[in-house]
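We name chains A, B, ... by the order of the sequence lines, and we start the count at 1 in each one.
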2 protein chains.
Amino acid sequence: MKNDNGTAARLVGLAREVMQVSGYAGLHYGSLAKTLGITRAAVHHYYPNKVDLARRVIAEYCEWTRQQLAEIDVMDAPVDDKMRSYFALYRSIIEEGDERLCPGGMLAAEVMTLPPELRADVRKFFDLHVTWVAKVLLGDGSRTEPAGEAARVVAALQGALLVSRLYGRPDSFDAIVDGLMIIVPTTAPIPTKRPARKASVPTKTRKNEGR
Amino acid sequence: MKNDNGTAARLVGLAREVMQVSGYAGLHYGSLAKTLGITRAAVHHYYPNKVDLARRVIAEYCEWTRQQLAEIDVMDAPVDDKMRSYFALYRSIIEEGDERLCPGGMLAAEVMTLPPELRADVRKFFDLHVTWVAKVLLGDGSRTEPAGEAARVVAALQGALLVSRLYGRPDSFDAIVDGLMIIVPTTAPIPTKRPARKASVPTKTRKNEGR
DNA sequence: AGCATTACTTACACGCAAGTAAGTGTCAAC
DNA sequence: GTTGACACTTACTTGCGTGTAAGTAATGCT
């Protein structure tokens, strides 16, 4: 081959960054090409259409995530240490760039406008996270059904990224997440759970209109 | 006037729904017009450009939110009851349609691609929420700096909407949120806070590439 | 009766972005 | 030294979506 600067690989990397900032809707072949100093058609050469490219991005990010989670697994630490390492994974996202969200989270926001294949990929990405967290939470003996709690942790972290990026303050992520360990207690007792379920609510729920 | 079916108002309502499902990027004059059985130009007649329309949507939603929060304020209940009513506000969103997110949350995801005026509006929307929650949390004597905790609550709720919509299961929202009261303890003590801050992390943080 | 206002419509201009077709140049193997 | 794969480019088509200009029809006001 004449010149292969690893364009295909650089393309996925760039595409991921763009998606983290601007989402799938904000991913344009034109700007990718411009950034890499190639033509738009060259992008099509490697990834015939946007879905191909985006799926590749997710696939690679899933793979990377799996590796990171595996590294946490092998460190064989107490549950709350593992969770803190997990939190740090999210923090690394905003450390890489304060305009970024988790690729999965960004796509989750756009999920209704996504082509079906991508939608499925996004769900799988979240499955990966939720099942891993659930597995870890199962590590201490204190619970048997960690599924809801795992979903809560993942949701809270995605929300934390969303909010901290909105304000453009990476450190606000810490402020949000620091207290999150409370809902993943290992040594500390869980406070007595209240009745829960929605109490008297001042909301009339209309199907449509009337806001 | 000849025929005024309240088109302007129906337009904002519809636009909000679309934005909740598909975001600002998925909001198109063409489909709005088609849905209401008018022409695209008629939409421009009321809202000359998309930014006008979207800002109007946010403004009305802010106003609605303010009213809801005021209603919770006057009920003069204990903090955790107020918080539960607040949670129910979010639940009402997915009750209205399981493809919807909070308008503010959706726009927060798109924030980097949004025209600046809109971006500012979105921040104000979140300010409204965070300051209200902080004020309520201040209601019990147990804390003095509820800002971080307030942001955490808001972030967690937005994340909960994101995740529950992703899976298309409205009831998963409950599963996620039910345990959220733990981080808003009023009578129950907060478990002893651990050192926190990121512990040994198996992550090399590169600025770019290499994923 | 005449005029302005409101609530629209038809028609058009324009830019952007995805995708495709058909090259061109270079290296590597046979 | 031809053949073929690879890494692209130029050029073009097509469709979508915003925005605007210039009507038109009905109503209300003076």
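Within residues 32-40 of chain A, the residues having any heavy atom under 4.0 Å from DNA chain D are, by residue number, A:I38, A:T39, A:R40. Listed by residue number, there are no residues of residues 107-118 of chain B with a heavy-atom contact under 4.0 Å to DNA chain D. Within residues 21-29 of chain B, the residues having any heavy atom under 4.0 Å from DNA chain D are, by residue number, B:L27, B:H28, B:Y29.
At most 12 non-hydrogen atoms from other residues, nucleotides or ligands lie less than 6.0 angstrom from CD of A:E145.
Listed by chain and residue number, nothing satisfies the ring-ring contact (aromatic ring centres under 6.0 Å, His included) test with A:F126 (two or more places apart in sequence, or in another chain).
Under a 4.0 Å N-O distance rule, the pair B:D80/B:R84 qualifies as a salt bridge.
With D:dA11, C:dT9, D:dC8 as the candidates, the nucleotide lying closest to the side chain of B:A42 is C:dT9. Proximity note for A:A41 (side chain, C-beta onward) versus C:dG19, D:dG19, D:dA11: the nearest is D:dA11.
One finds the CD1 atom of B:I94 at 6.5 Å from the CG atom of B:D174 (value rounded to the nearest 0.5 Å).
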Tell me which donor-acceptor pairs under 3.5 Å the side chains of residues 31-40 of chain A have, and how far apart each pair is, sequence neighbours excluded?
unit_1	atom_1	unit_2	atom_2	d
A:S31	OG	A:H28	O	3.1
A:T35	OG1	A:S31	O	2.7
A:T39	OG1	A:A42	N	3.4

Atom pairs and distances, donor-acceptor, side-chain atoms in residues 103-119 of chain B, under 3.5 Å, two or more places apart:
unit_1	atom_1	unit_2	atom_2	d
B:E110	OE1	B:Y24	N	2.6
B:E110	OE2	B:Y24	N	3.2
B:E110	OE2	B:A25	N	2.9
B:T113	OG1	B:E110	O	2.9
B:R119	NE	B:V111	O	3.3
B:R119	NH2	B:L114	O	3.2

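Remark: C1' of C:dG19 and CG of A:D52 are 12 Å apart, rounded to the nearest angstrom. B:H45 places its NE2 atom 6 Å from the C1' atom of C:dC8, with the value rounded to the nearest Å. With rounding to whole Å, B:L53 atom CG is found 15 Å from D:dG17 atom P. Rounded to whole Å, the distance from OH on A:Y47 to P on C:dA18 is 16 Å. When rounded to the nearest whole Å, the span between NE2 of B:H44 and P of D:dG23 equals 20 Å.
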Inset, instruction - Decide side chain to side chain contact (heavy atoms under 4.5 Å, CB included) for A:L89 and A:L157; before the verdict, give the C-alpha distance in whole Å, the side-chain angles of both, and the deciding distance to 0.1 Å. - result: CA-CA 10 Å; A:L89 245 38; A:L157 286 165; over 6 Å; no
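No donor-acceptor pair closer than 3.5 Å links the side chain of B:R100 to the backbone N or O of B:E17. Between the side chain of A:Q20 and the backbone N or O of A:C102 there is no donor-acceptor pair closer than 3.5 Å. Side-chain N or O atoms of A:R165 include one that pairs as donor or acceptor with a backbone N or O of A:E99 at under 3.5 Å.
Considering all non-hydrogen atoms of both residues, B:D81 and B:M75 come closest at O-CE, 4.1 Å.
Applying the 4.0 Å criterion to OP1 and OP2 of C:dC8, one finds that B:T7 has a side-chain N or O inside that range. Here B:Y46 reaches the OP1 or OP2 of C:dC8: one of its side-chain N or O atoms lies under 4.0 Å away.
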